[in-house]
Amino acid sequence: MKQDIKVTVDAVIFTERAGVRHVLLVQRKNPPFKGEWALPGGFVEEDEDLETACRRELKEETRIDAEDLKQLGAFGKIGRDPRGRTISVAYVGIVAYQMAKAASDAAAVEWHPLDGLPTLAFDHNEILSQALLP
């Protein structure tokens with residue numbers, strides 16, 4: 001049996017505001033996890049490379065450009081996405097504080113201080129934890 005595997009990207013974007021480190025999160029507009037907070041990201045299109053896909057998803061959902069992204073790693077735990085088998089490649093970046101605006105499939109977008117994070121959708125708590133390792 002052939003399994004359809006999808007590739008996604010997730011962006012872990014940090015900023016510092018008033019001396020406090022924040023991470024950019026989107027509130028999901030659509031299922032799965034509708035209304036829950038997640039890292040910006042989405043599906044990679046057939047004709048784009050991974051970093052380009054990450055920049056596109058970040059811009060589409062938050063209106064934020066991140067110039068300097070570094071690949072953090074791949075996350076492919078079975079069951080990480082209820083829509084089917086997905087493997088996500090996560091990127092991390094730091095930007096100067098700027099206002100973000102929800103767009104595309106994001107209902108809201110906010111900078112969250114690291115000491116006051118909500119529970120995140122998918123396996124995004126694990127991805128964020130990896131990004132915070134020294």
Side-chain angles (χ1 to χ4, degrees):
M1 178 192 302
K2 183 179 179 192
Q3 184 180 15
D4 189 22
I5 299 174
K6 301 287 187 193
V7 179
T8 61
V9 289
D10 291 303
V12 184
I13 305 299
F14 295 110
T15 196
E16 192 157 318
R17 186 173 178 199
V20 176
R21 197 167 182 199
H22 289 67
V23 66
L24 186 65
L25 299 177
V26 296
Q27 188 176 44
R28 292 184 51 81
K29 188 189 290 185
N30 303 309
F33 304 106
K34 181 178 179 178
E36 294 186 34
W37 292 96
L39 297 168
F43 291 100
V44 176
E45 295 178 1
E46 258 185 66
D47 63 344
E48 66 185 347
D49 65 32
L50 295 171
E51 189 171 333
T52 300
C54 191
R55 288 181 202 285
R56 175 185 54 78
E57 285 288 343
L58 178 64
K59 179 82 170 186
E60 284 178 3
E61 292 183 351
T62 70
R63 300 294 185 228
I64 290 198
D65 288 309
E67 293 301 317
D68 190 26
L69 294 176
K70 301 284 186 232
Q71 195 175 106
L72 176 64
F75 299 83
K77 188 181 294 182
I78 293 172
R80 67 179 300 277
D81 188 329
R83 296 170 291 191
R85 182 77 167 115
T86 62
I87 296 170
S88 185
V89 179
Y91 286 81
V92 64
I94 300 171
V95 299
Y97 175 77
Q98 55 195 283
M99 294 298 293
K101 182 177 179 184
S104 183
D105 56 355
V109 59
E110 292 179 10
W111 290 104
H112 287 258
L114 293 179
D115 64 355
L117 294 174
T119 300
L120 302 180
F122 303 99
D123 58 354
H124 292 184
N125 284 314
E126 178 183 340
I127 294 171
L128 181 56
S129 292
Q130 284 284 2
L132 292 170
L133 290 176

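All values reported here derive from a predicted model rather than from experimental measurement.
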According to the ring-ring contact (aromatic ring centres under 6.0 Å, His included) rule, which pairs have a member within residues 37-71, sequence neighbours left out?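 Checked against ring-ring contact (aromatic ring centres under 6.0 Å, His included) - neighbours excluded - the pairs reaching residues 37-71 are W37-H112.
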N/O donor to acceptor pairs below 3.5 angstrom from side-chain atoms of residues 93-111, sequence neighbours left out:
residue	atom	partner	partner atom	Å
Y97	OH	R17	NH1	3.3
Q98	NE2	A96	O	3.3
W111	NE1	Q98	O	2.9

Identify the two heavy atoms, one from P113 and one from H22, that lie closest to each other, and give their separation to 0.1 Å.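 Looking at all heavy atoms of both residues, the closest pair is N-CD2, 3.3 Å.
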Minimum-distance pair of heavy atoms, taken over all atoms of G41 and E61: O-OE2, 2.9 Å
Roughly how far, to the nearest 0.5 Å, is the [atom2] atom of [Y] from the [atom1] atom of [X]?
X: D10; Y: L120; atom1: CG; atom2: CG; value: 10.5 Å
X: D47; Y: T52; atom1: CG; atom2: OG1; value: 9.5 Å
X: R85; Y: I5; atom1: CZ; atom2: CD1; value: 5.5 Å
X: I87; Y: T8; atom1: CD1; atom2: OG1; value: 9.0 Å
X: L25; Y: E36; atom1: CG; atom2: CD; value: 12.0 Å

For residues 70-78, which side-chain donor-acceptor pairs fall under 3.5 Å, sequence neighbours excluded?
residue	atom	partner	partner atom	Å
K70	NZ	D68	OD1	3.1
Q71	NE2	Y91	OH	3.1
K77	NZ	E126	OE1	3.4

Applying the 4.5 Å side-chain criterion to the ILVMFWY set and letting contacts propagate, would [X] and [Y] be lumped into a single cluster?
X: F122; Y: V44; answer: no
X: L58; Y: V26; answer: yes
X: L69; Y: V89; answer: yes
X: V9; Y: V7; answer: yes
X: V12; Y: L132; answer: yes

With L133 via side chain to side chain contact (heavy atoms under 4.5 Å, CB included) - residues at least two apart: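 For L133, the residues satisfying side chain to side chain contact (heavy atoms under 4.5 Å, CB included) (neighbours in sequence not counted) are Q130.
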Before you tell me yes or no, could you show the steps for N125 and L117 under side-chain contact (heavy atoms from CB on, under 4.5 Å), namely the whole-Å CA-CA distance, both residues' side-chain angles and the distance that decides it to 0.1 Å? CA-CA 9 Å; N125 284 314; L117 294 174; 5.9 Å; no
Using only atom types and a distance under 3.5 Å, with no angle test, would you say the side chain of H124 pairs donor to acceptor with the backbone of A38? no
Whether the side chain of E48 engages the backbone of E45 through a donor-acceptor N/O pair (distance < 3.5 Å, no angle test) should be reported. yes
Restricting to side-chain hydrogen bond (donor to acceptor under 3.5 Å, both in side chains), what partner residues turn up for R80, sequence neighbours left out?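 For R80, the residues satisfying side-chain hydrogen bond (donor to acceptor under 3.5 Å, both in side chains) (neighbours in sequence not counted) are T86, D123.
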Side chains of E57 and E60: does their closest heavy-atom pair fall under 4.5 Å?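 The answer is yes; the side chains approach within 4.5 Å.
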Is the shortest heavy-atom distance from the side chain of F33 to the side chain of D81 under 4.5 Å?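 Not touching, per the 4.5 Å side-chain cut-off.
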Check the pair D65, K59 against side-chain contact (heavy atoms from CB on, under 4.5 Å), reporting the backbone distance first and the verdict last. CA-CA 6 Å; D65 288 309; K59 179 82 170 186; 3.0 Å; yes
Checking K6 now: which residues fulfil salt bridge (charged side-chain N to carboxylate O under 4.0 Å, His left out) with it, not counting sequence neighbours?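 K6: salt bridge (charged side-chain N to carboxylate O under 4.0 Å, His left out) contacts with D4.
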